[in-house]
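Take a look at the structure set out below.
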Amino acid sequence: MITGAGRGIGRAIAVAYAQAGAAVVCSARKEGELGVTLALIEKAGGRASIFTADVVEHAQMLALFDHAVATYGGIDIVLANAGTAGEGRKLQKSDPAQWRETIEVNLVGAYNTVHAAIPHLRARGAGKIIVTGSGSRHRAMPGLSAYASSKSALWMMAQVLAVELEEFNISVNELIPGPVKTAMTRFGEQSFPPQEWIKEPEDVVPLAMFLATQPDRGPTAQSYSLMRRA
C-alpha cells in the first residue's frame, strides 16, 4: 500500500512494485492522478487498485486498509510516502495555518497511515513499513522550519516504531530520496552542492525495491539515503 501514489516518487514506486509482481493499492487525495497511475500499472500488466483518501483523516486511513485487505486479502508492505514541502517561508513570515498543515500531512499523516496498518501487518505475522524521509531533518535551511521539523519527528517516530514492532517481525525503515524533480520540489539545482544528484522519480525505485525485498528478519530502524552529501 502506497500513499502519495498519484504522482512523482509514489507513482514511480507503485509502477515498479507492480511490475515486480506485487498487488499494489495506490492512495492519494486526487482521483484523477490515481487514475493515471492505475493506467500505467495495467498497461504494464500489473495488478493495482486505487483508493482516494487524505492521510490527515484517520478514519480515511482505516477505510483504506480495510479496502486493501478486502481486495487482496492482506497487507505486507506499507510505504508512507504522502507529503508536502510547505510554503517555503522563513518562520517569522510563515502562515500559522500552513505551518501546521505541513506538520499534519508529513507527520500526523504518516502516524495515521502506520497506525491503521499495524493490525493488518501483525495479522500476516510479518511486514515492512517504509517512510519517506528527508535529509532536511538534520540540516538547517531557511524557509524549511515546518518541513524539516516534520521530517525530523518522522524519523524518530520510525525508530521508536521499529523497536515496538520488532517482536512481530515488522521492520520500519526510512528512505531518503534526496532532491528529486517532482511537483513538490521548490528548489533548483543551484540550491544544492555541485556534487549532488538531482534525480527523476524513477531513480528512487532501486532503493525502494531493495527495502521491499529484504528478509522478514532483515534491517530495521535504519535510514537509507540517495543523497551525495553529508
With sequence neighbours left out, write down each residue that passes side-chain contact (heavy atoms from CB on, under 4.5 Å) with T113, or none if nothing qualifies.
-> M1, T3, V55, M61, F65, V78, A80
Is it true that K128 and D76 make a salt bridge, defined as a side-chain N closer than 4.0 Å to a carboxylate O?
-> no
Return yes if some donor-acceptor pair links the side-chain N/O of E33 with the main-chain N/O of A28 below 3.5 Å, else return no.
-> no
Verdict with supporting geometry, T37 and R11, side chain to side chain donor-acceptor pair (under 3.5 Å) = CA-CA 6 Å; T37 302; R11 174 183 288 170; 3.0 Å; yes
Assess whether side chain to side chain contact (heavy atoms under 4.5 Å, CB included) is satisfied between T52 and L34, documenting all intermediate values.
-> CA-CA 8 Å; T52 305; L34 286 174; 4.0 Å; yes
Report the C-alpha separation of H58 and V108 in whole Å, then their side-chain angles, then the decisive distance to 0.1 Å, and conclude whether the side chain to side chain contact (heavy atoms under 4.5 Å, CB included) test is met.
-> CA-CA 9 Å; H58 187 262; V108 178; over 6 Å; no
Residue from S223, S225, S134 passing side-chain hydrogen bond (donor to acceptor under 3.5 Å, both in side chains) with E174 | S223
Evaluate the side chain to side chain contact (heavy atoms under 4.5 Å, CB included) criterion for residues H138 and K151: first the C-alpha distance (whole Å), next the side-chain angles of each, then the deciding distance (0.1 Å), finally the verdict.
-> CA-CA 9 Å; H138 58 73; K151 292 298 185 178; over 6 Å; no
Contacts of type ring pair (Phe, Tyr, Trp, His ring centres under 6.0 Å), residue Y224, not counting sequence neighbours = F210
Run the salt-bridge test on E200 and K181 with the 4.0 Å N-O cut-off and return the result as yes or no.
-> yes
Non-neighbouring partners of W99 that pass side chain to side chain donor-acceptor pair (under 3.5 Å), sequence neighbours left out | S145
Counting only heavy atoms not in R29, do more than 12 fall under 6.0 Å of its CZ?
-> no
